[in-house]
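Inspection log for the structure reproduced underneath, given as structure tokens.
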Amino acid sequence: MSMLRVENVSKRFGGIVANHEVSFEVDEGRIVGLIGPNGAGKTTMFNAIAGFAPPTSGDIWLDGRKISGMTPEQCARAGIGRTFQVARTFTSMTALENVMVGCFLHERSQSKARASAEQLLEFVQLGRFRDRPAASMTISEQRRLAVARALAVRPRLLLMDEVMAGLNPTEVRDMVDVVLKIRGIGVSCLIVEHVLEGIMPIADAIVVLDYGRKIADGTPAEVSANPQVIAAYLGEE
Ligand SMILES: Nc1ncnc2c1ncn2[C@@H]1O[C@H](COP(=O)(O)OP(=O)(O)OP(=O)(O)O)[C@@H](O)[C@H]1O
Ligand SMILES: [Mg+2]
């Protein structure tokens, strides 16, 4: 059984149809890329899956349990973690404190939250930034910090929204390494990304949205060769 099942999800904002009857699945232990031109409805889909803005119609299931309509906290408790396209890092707090914010979903004890946060910082190669204010970190480091904070809610599925945008090739490789490590610990990843050289080599499957509709899904090789996908991306240039 697939872990995440998105079933005929539509989302309207007044006259704008941001998602139109989109269906796809994410299997356990997979990296799935959700790609498409600007305004295709990718972040809207993340907001539906994570409970930030419920679909207008359609359903979303995690492990056979319906999560569409749940609040963000209920979705997090059900096993959905996420990062935000527009960074929500607390820049005046230290790296450790930023991650502890996520840990408090499951942990009341300050010392246990601290210990988990320390482990997560090591996991994303940010151990040395522990006591540094997040504001002093580069964009690349802050993106990995956001991933650590999302992991702190102990997700079964992690949604990452453009965590590679604007990074140089070395930094993209660092993020790719983190994503592979996340899959390695058994957490599935659904990744919205425009940096195709980051996502294509590591994805088990790719779902393509265009103007709110799913226009293709399959292996990276299949979607790269799909004429509709090529046309959608050429149209964007
Ligand atoms: N809260 C909102 N109110 C009104 N329209 C919205 C809202 N959120 C998104 N939209 C519209 O829905 C469509 C899809 O937006 P969305 O942010 O999901 O796209 P995206 O694929 O994430 O794009 P990008 O790659 O630029 O981040 C766009 O036309 C956008 O303007
Ligand atoms: Mg977006």
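Order of listing sets the numbers, starting from 1, for every ligand and every atom in it. Note that the structure is predicted; figures quoted are calculated from it, not measured.
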Euclidean distance, [Y] [atom2] relative to [X] [atom1], rounded to 0.5 Å:
| X | Y | atom1 | atom2 | answer |
| --- | --- | --- | --- | --- |
| Asp177 | Arg144 | CG | CZ | 9.5 Å |
| Phe90 | Arg149 | CZ | CZ | 5.0 Å |
| Glu122 | Arg130 | CD | CZ | 9.5 Å |
| Gln142 | Asn98 | CD | CG | 8.5 Å |

What's the shortest distance from [atom] to any protein heavy atom, and which residue and atom give it?
| atom | answer |
| --- | --- |
| atom 17 (O) of ligand 1 | Thr43 CB, 3.8 Å |
| atom 12 (O) of ligand 1 | Ala18 CB, 3.3 Å |
| atom 26 (O) of ligand 1 | Asn38 ND2, 2.9 Å |
| atom 29 (O) of ligand 1 | Ile16 CG2, 4.0 Å |
| atom 27 (O) of ligand 1 | Gln85 NE2, 2.8 Å |
| atom 18 (O) of ligand 1 | Thr44 OG1, 2.5 Å |

Would a 4.5 Å heavy-atom cut-off, applied to side chains only, mark Gln125 and Asp174 as touching?
->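 No, too far: nothing below the 4.5 Å cut-off.
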
Using a 4.5 Å cut-off on heavy atoms from C-beta on, say whether the side chain of Arg154 contacts that of Leu105.
->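 Contact flag for Leu105/Arg154 side chains = no.
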
Verify the contact flag for atom 31 (O) of ligand 1, where contact means a protein heavy atom under 4.0 Å away.
->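 For atom 31 (O) of ligand 1 the answer is no, since every protein heavy atom stays at 4.0 Å or beyond.
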
Is the closest protein non-hydrogen atom to atom 14 (C) of ligand 1 under 4.0 Å?
->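 Answer yes: something from the protein, a heavy atom, is under 4.0 Å.
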
Polar proximity ligand 1 side, Phe13 side, N/O cut 3.5 Å exclusive |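 No, Phe13 has no N/O under 3.5 Å of an N/O on ligand 1.
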
When only distance counts, is Gly39 in polar contact with ligand 1, meaning an N/O pair under 3.5 Å?
->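 Yes, there is a polar N/O contact under 3.5 Å.
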
Out of Lys66, Arg65, Arg5, which residue meets the salt bridge (Lys or Arg N to Asp or Glu O under 4.0 Å) rule with Asp59?
->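 Answer after filtering Lys66, Arg65, Arg5: Lys66.
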
Met45 touching ligand 1 at heavy-atom level, < 4.0 angstrom =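 Checking ligand 1 against Met45, which is what was asked, there is no heavy-atom contact under 4.0 Å.
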
Would you please determine whether Gly41 falls within less than 4.0 Å of ligand 1 on a heavy-atom basis?
->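 Gly41: in contact with ligand 1 (<4.0 Å).
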
If you count the non-hydrogen atoms of other residues, nucleotides and ligands that lie under 6.0 Å from CZ in Arg213, is the total more than 12?
->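 Atom CZ in Arg213 is not crowded, with 12 or fewer foreign heavy atoms closer than 6.0 Å.
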
How about Lys112: does its NZ atom have over 12 heavy atoms from other parts shown lying under 6.0 Å from it?
->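 Open: at most 12 neighbouring heavy atoms sit under 6.0 Å from NZ of Lys112.
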
Check whether the side chains of Thr43 and Asp161 place a donor and an acceptor atom closer than 3.5 Å, and report yes or no.
->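 Yes, because at least one side-chain N or O of Thr43 sits under 3.5 Å from a partner of the opposite role on Asp161.
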
Residue pair Thr138 / Ser140, side-chain donor-acceptor N/O under 3.5 Å |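 No, because no side-chain N or O of Thr138 sits under 3.5 Å from a partner of the opposite role on Ser140.
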
Anything protein N/O/S under 2.8 Å from the Mg ion (ligand 2)? Just list residue and atom, please.
->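 Near the Mg ion (ligand 2), the protein supplies Thr43 OG1, Gln85 OE1.
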
Atoms of ligand 1, numbered as shown, that sit under 4.0 Å from any heavy atom of Glu162 |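 That gives atoms 25 (O), 27 (O) of ligand 1.
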
Taking only heavy atoms of His194 into account, list the atoms of ligand 1 that are under 4.0 Å away from them.
->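 Checking each atom against His194, I get 25 (O).
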
Can Arg82 be said to sit on top of Phe52's aromatic six-ring, NZ or CZ under 6.0 Å from centre and within 45° of the ring axis?
->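 Yes; both conditions hold, so Arg82 lies above the ring face of Phe52.
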
In the single-linkage hydrophobic clustering (I, L, V, M, F, W, Y; side-chain heavy atoms under 4.5 Å), do Val192 and Ile49 co-cluster?
->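 Val192 and Ile49: one cluster.
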
